[in-house]
There are 2 protein chains.
Amino acid sequence: MKALSVTEKLQQKDVKPTANRILVYETMAKLGCPLSISDIEDNLLSIDKSSIFRVITLFVQHDVVHAIEDGSGSLKYEICHEDLLHALGGHVHFYCEKCHHTFCLEGVDIPLVQIPEGFESKSVNYMIKGICPSCCKKNEIGNNLA
Amino acid sequence: MKALSVTEKLQQKDVKPTANRILVYETMAKLGCPLSISDIEDNLLSIDKSSIFRVITLFVQHDVVHAIEDGSGSLKYEICHEDLLHALGGHVHFYCEKCHHTFCLEGVDIPLVQIPEGFESKSVNYMIKGICPSCCKKNEIGNNLA
DNA sequence: AAAAAGATGCAACTTGGTTGCAAAGTTCTT
DNA sequence: AAGAACTTTGCAACCAAGTTGCATCTTTTT
């Protein structure tokens with residue numbers, strides 16, 4: 001299985017690969033972690049906020065990316081890797097309350113639950129909040145110095 | 001175990017029971033489901049938005065309520081029922097993408113997962129999105145008529 | 001090349017959340 | 001009971017994220 005170019009990946013999802021779209025995709029791929037519109041904006045000063053918004057909206061509609069909610073106040077987006085065929089679930093996310101960074105716990109699959117009769121499930125979000133390893137470490141050092 | 005009055009419940013959490021705070025609490029208790037600041041505002045026209053905000057902020061600090069994120073764009077708050085002693089987890093929530101209502105699946109506990117070394121977990125959110133029973137039903141009727 | 005369709009940038013706007021400040025209400029002290 | 005000190009509240013103003021209308025520019029189609 002050879003790696004597809006960004007252009008091919010977009011075409012595969014019926015998204016016309018314009019310059020902006022390729023840039024947004026590449027930025028998301030490069031940074032690897034879930035990003036908000038503003039995060040993308042900060043990394044792509046050449047593109048207007050509204051254009052990024054429209055690109056992301058299109059990406060969501062065409063399943064190029066999906067949205068996740070950490071509690072940061074802004075929605076985060078992440079490239080879909082369906083090669084992992086996450087039927088419904090996908091993986092667990094972790095939000096660091098200290099550095100406000102969102103991590104994908106790629107290895108940790110969301111355990112599915114039985115929901116009551118009548119509810120129809122479309123997607124699942126599993127979000128753990130706490131302190132990430134590097135902030136834990138900083139904390140210890142801080143405490144030792146104090 | 002007798003039921004505590006709202007005043008007693010607040011005092012128990014070290015919150016001075018002012019008129020506004022009692023009203024906010026009662027509104028949340030009455031409606032039962034997770035509510036946003038705006039939802040509360042709509043139900044309590046007598047109280048200013050900023051006051052509701054401050055009441056909720058205080059409630060969160062004193063563990064009277066806790067926040068949950070459905071993907072609706074606004075944070076929702078829910079009265080803590082720790083009699084159920086949800087160690088970390090608590091129950092699963094369901095967000096209806098059609099009526100934009102958030103449900104507590106009280107009976108459905110969040111299954112906990114093993115997270116990687118170094119991460120320190122403080123809280124967990126499990127959010128299912130889809131269509132709720134009453135919107136499912138409306139949909140069927142709609143389709144039959146069409 | 002002209003017409004049609006699509007993508008982009010700018011500016012303006014909406015909404016949810018948040019803060020400063022003065023007025024109103026409480027509590028404490030004398 | 002009167003006044004000082006503190007707390008709570010409402011108003012207005014502000015901020016950030018998200019969103020939309022519109023004119024312009026680009027691409028595609030004919």
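Hydrogens, waters and symmetry mates play no part in the numbers below; they use all other heavy atoms, side chains included. What you see is a predicted model, and the numbers here were worked out from it, not measured in a lab. Here is how names work: the chains are called A, B, and so on, in the same order as the sequence lines, proteins then strands, and each is numbered from 1.
Out of D:dT9, C:dG9, C:dT18, the shortest distance to the side chain of A:Ile47 is found at C:dG9. When distances are taken from the side chain of B:Ser50 to each of D:dG18, D:dT20, C:dT19, the shortest belongs to C:dT19. Set against C:dA7, C:dG17, C:dG20, the side chain of A:Lys16 has C:dA7 as its closest nucleotide. Among C:dG17, D:dT9, D:dT28, the nucleotide with an atom closest to any side-chain atom of B:Ile37 is C:dG17.
Following rounding to the nearest Å, B:Ile22 (CD1) and D:dT8 (P) show an atom-to-atom distance of 13 Å. Going from atom CG of B:Leu35 over to atom P of C:dG16 covers 14 Å, rounded to whole Å. To the nearest angstrom, C1' of D:dA16 lies 14 Å from CG of A:Leu75. Atom C1' of nucleotide C:dG16 and atom OH of B:Tyr77 are separated by 10 Å, given to the nearest angstrom. Atom CG of A:Asp42 and atom P of D:dA17 are 9 Å apart (whole Å). When the C1' atom of C:dC10 is taken as reference, atom CG of A:Leu45 falls 16 Å away, rounded to whole Å. Per the geometry, CD belonging to B:Glu41 stands 10 Å off P belonging to C:dG17, to the nearest Å. Protein atom CZ of A:Phe53 is 10 Å distant from nucleotide atom C1' of D:dA17, rounded to whole Å.
Of all heavy-atom pairs spanning B:Tyr77 and B:Met28, the tightest one is O-CE, 3.4 Å. Counting all heavy atoms, side chain and backbone alike, B:Ile79 lies closest to B:Ala29 at CD1-N, 3.6 Å.
One side chain, A:Asp39 or A:Ser36, offers a donor N or O that lies under 3.5 Å from an acceptor on the other.
Residue A:Thr18 places at least one side-chain N or O closer than 4.0 Å to OP1 or OP2 of C:dT8. Between A:Arg21 and C:dA7 there is a side-chain polar atom (N or O) within less than 4.0 angstrom of OP1 or OP2.
Aromatic ring centroids of A:Phe103 and A:Tyr95 lie 6.0 Å or more apart.
Not a single donor-acceptor contact under 3.5 angstrom links the side-chain atoms of A:Arg54 to the base of C:dG6.
Looking at heavy-atom distances under 4.0 Å, A:Ser74 makes contact with sugar-phosphate atoms alone, never a base.
Heavy-atom nearest nucleotides on DNA chain D were determined for B:Asn20 and for B:Lys49, and the one closer to the 5' end corresponds to B:Asn20.
Salt bridge present: B:Lys129 and A:Glu69 bring a charged side-chain N and a carboxylate O closer than 4.0 Å.
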